[in-house]
Amino acid sequence: MASANQHEVLPAPSDGVSQLRIQSNRFLLASSWDSQVRLYDISSNTLKASYSHKAAVLDCVFASDRLVTYSGGIDREVKSFEINTESEQVLGQHEKTIRCVEFSSTTNTLYSGSWDATVKQWDPRQKSALVDTYNVEDRVFTMSLNSEKLVVGTANRQILIFDLRNMSEPLQKRESSLKYQTRTVSCNPNGSGYVLGSIEGRVAVEYFDPQPEIQSKKYAFKCHRQMVNGIDVVYPVNAISFNPVYGTFATGGSDGLVCVWDGENRKRLSQYARYPTGVSALAFSEDGTMLAVASSYTFEEGEKDVPPDQIFIRYVNEVEVKPKARTA
């Protein structure tokens with residue numbers, strides 16, 4: 001899969017890649033089912049640091065101050081890692097598996113979502129880091145935030161939208177417009193709404209504003225499907241990442257494909273060559289010039305022989321992600 005505009009990140013994790021994050025076009029953070037969180041230097045393509053959990057790590061994130069990372073997973077612990085000193089600390093725990101972690105530069109706090117049906121807010125600057133615990137009624141499967149809102153996708157296709165400045169109760173509770181289980185959510189950087197992906201090869205473009213004229217703009221579309229011997233085979237949409245410059249978004253599916261979409265104009269802009277196995281995670285850089293891609297089997301077909309887990313950095317050409325001008 002190496003090419004002029006793409007290179008493999010080495011050494012790769014030894015088990016499934018659960019999350020990728022890029023910071024300042026310099027660092028790549030990757031969490032894995034091998035119980036490790038790895039920090040890579042992108043320019044030198046080297047492993048800068050790593051640390052361990054007691055079990056699979058399901059999510060990781062950079063702090064906005066750029067010196068710390070956070071992670072959580074099956075061991076139920078929320079951990080922090082100081083990049084400069086390579087020191088780690090357990091901030092606290094959930095009662096069950098931690099599925100998601102997100103850091104807000106607005107509140108300077110961390111949010112963790114768990115299968116124990118809670119979201120916890122942490123202030124790592126405080127000796128007792130736990131700020132509060134919020135009941136979200138069901139297992140957390142996915143989370144995303146922007147400068148004002150936190151979107152939580154839970155079991156039974158529920159979507160909860162919180163105001164980061166007042167988390168006491170959700171601003172809105174919605175049922176997903178997609179018929180099947182929510183796999184991933186990503187907030188639009190312009191603050192207008194979010195995009196959902198489901199296990200059934202569909203994506204929904206949603207808007208926060210409840211006014212009917214705004215809600216009339218929402219829509220869903222099929223993707224990550226292929227015809228095999230005359231049968232329409234449907235693949236989960238595992239990952240969605242917005243290009244922060246152009247507001248377009250990439251989707252990664254268990255079919256091994258990455259597609260880039262112009263959600264505003266309802267068009268596919270590009271589709272990359274198929275990766276060796278399913279795409280489990282995606283992350284654009286802050287300036288939109290890089291896209292990290294995890295080629296990592298997600299076990300939707302059970303145990304089988306699959307290619308090794310790999311991470312790639314793709315250097316994005318503007319034509320792949322920039323919306324095309326509308327023609328009259």
Side-chain angles (χ1 to χ4, degrees), residues 1 8-9 12-21 28-38 53 55-61 71-75 96-101 113-115 139-144 153-155 157 176 178-186 195-204 222-226 228 232-241 249-259 271-284 291-312 314:
M1 289 296 297
E8 185 179 356
V9 177
S14 60
D15 205 344
V17 180
S18 56
Q19 182 62 284
L20 298 172
R21 311 269 188 171
L28 171 70
L29 192 66
S31 55
S32 170
W33 281 79
D34 66 6
S35 307
Q36 295 279 310
V37 181
R38 292 171 173 83
H53 279 253
V57 190
L58 301 188
D59 205 357
C60 60
V61 69
S71 51
I74 288 176
D75 67 1
K96 294 183 179 178
T97 291
I98 296 167
R99 180 60 190 87
C100 309
V101 288
S114 169
W115 291 351
R139 289 163 293 159
V140 175
F141 285 169
T142 181
M143 296 196 319
S144 182
T154 69
R157 301 169 41 251
S176 168
L178 302 178
K179 188 176 177 182
Y180 292 91
Q181 178 183 305
T182 305
R183 176 63 62 91
T184 184
V185 64
S186 186
V195 174
L196 288 174
S198 81
I199 61 169
E200 187 247 346
R202 286 180 191 264
V203 163
K222 297 178 183 179
C223 54
H224 297 284
R225 297 161 178 241
Q226 62 177 323
V228 179
D232 186 21
V233 180
V234 178
Y235 297 89
V237 180
N238 298 320
I240 298 172
S241 182
F249 60 90
T251 58
S254 292
D255 56 354
L257 290 175
V258 173
C259 301
Q271 178 176 293
Y272 300 152
R274 193 181 303 273
Y275 286 86
T277 187
V279 174
S280 64
L282 293 171
F284 273 110
L291 178 65
V293 180
S295 173
S296 184
Y297 179 56
T298 50
F299 286 84
E300 58 279 343
E301 296 175 13
E303 290 281 355
K304 67 175 189 176
D305 289 336
V306 293
D309 301 287
Q310 294 174 283
I311 300 171
F312 299 92
R314 183 180 181 90

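- When only modelled atom types and interatomic distance are considered, Y275 and Q310 share no side-chain donor-acceptor pair under 3.5 Å.
- For the pair R157/L178, no side-chain contact is recorded, criterion being any heavy-atom separation below 4.5 Å from C-beta on.
- In plain terms, the two heavy atoms of Q226 and Y235 that are nearest each other are NE2-OH, 2.9 Å.
- Inter-residue side-chain proximity for D34 and D309 is flagged as unmet; no heavy-atom pair is nearer than 4.5 Å.
- By the 6.0 Å contact criterion, CZ on R202 is enclosed, its count of non-hydrogen atoms from other residues, nucleotides or ligands being greater than 12.
- Classification of E200 and R225 as a salt-bridged pair holds, one side-chain N sitting under 4.0 Å from a carboxylate O.
- Residues R38 and S32 meet the side-chain proximity criterion, which asks for heavy atoms closer than 4.5 Å.
- Annotation: side chain of V101 is not in contact with side chain of S71 (no heavy-atom distance under 4.5 Å).
- With no hydrogens or angles considered, a side-chain donor-acceptor pair links S254 and N238 at under 3.5 Å.
- Taking every heavy atom of both residues into account, S295 and P276 meet most closely at OG-CD, 3.4 Å.
- For the pair Q19/D59, a side-chain contact is recorded, criterion being any heavy-atom separation below 4.5 Å from C-beta on.
- Between W33 and I74, some side-chain heavy-atom pair lies under the 4.5 Å cut-off.
- Using a 4.5 Å heavy-atom threshold, the side chains of I98 and W115 count as separate.
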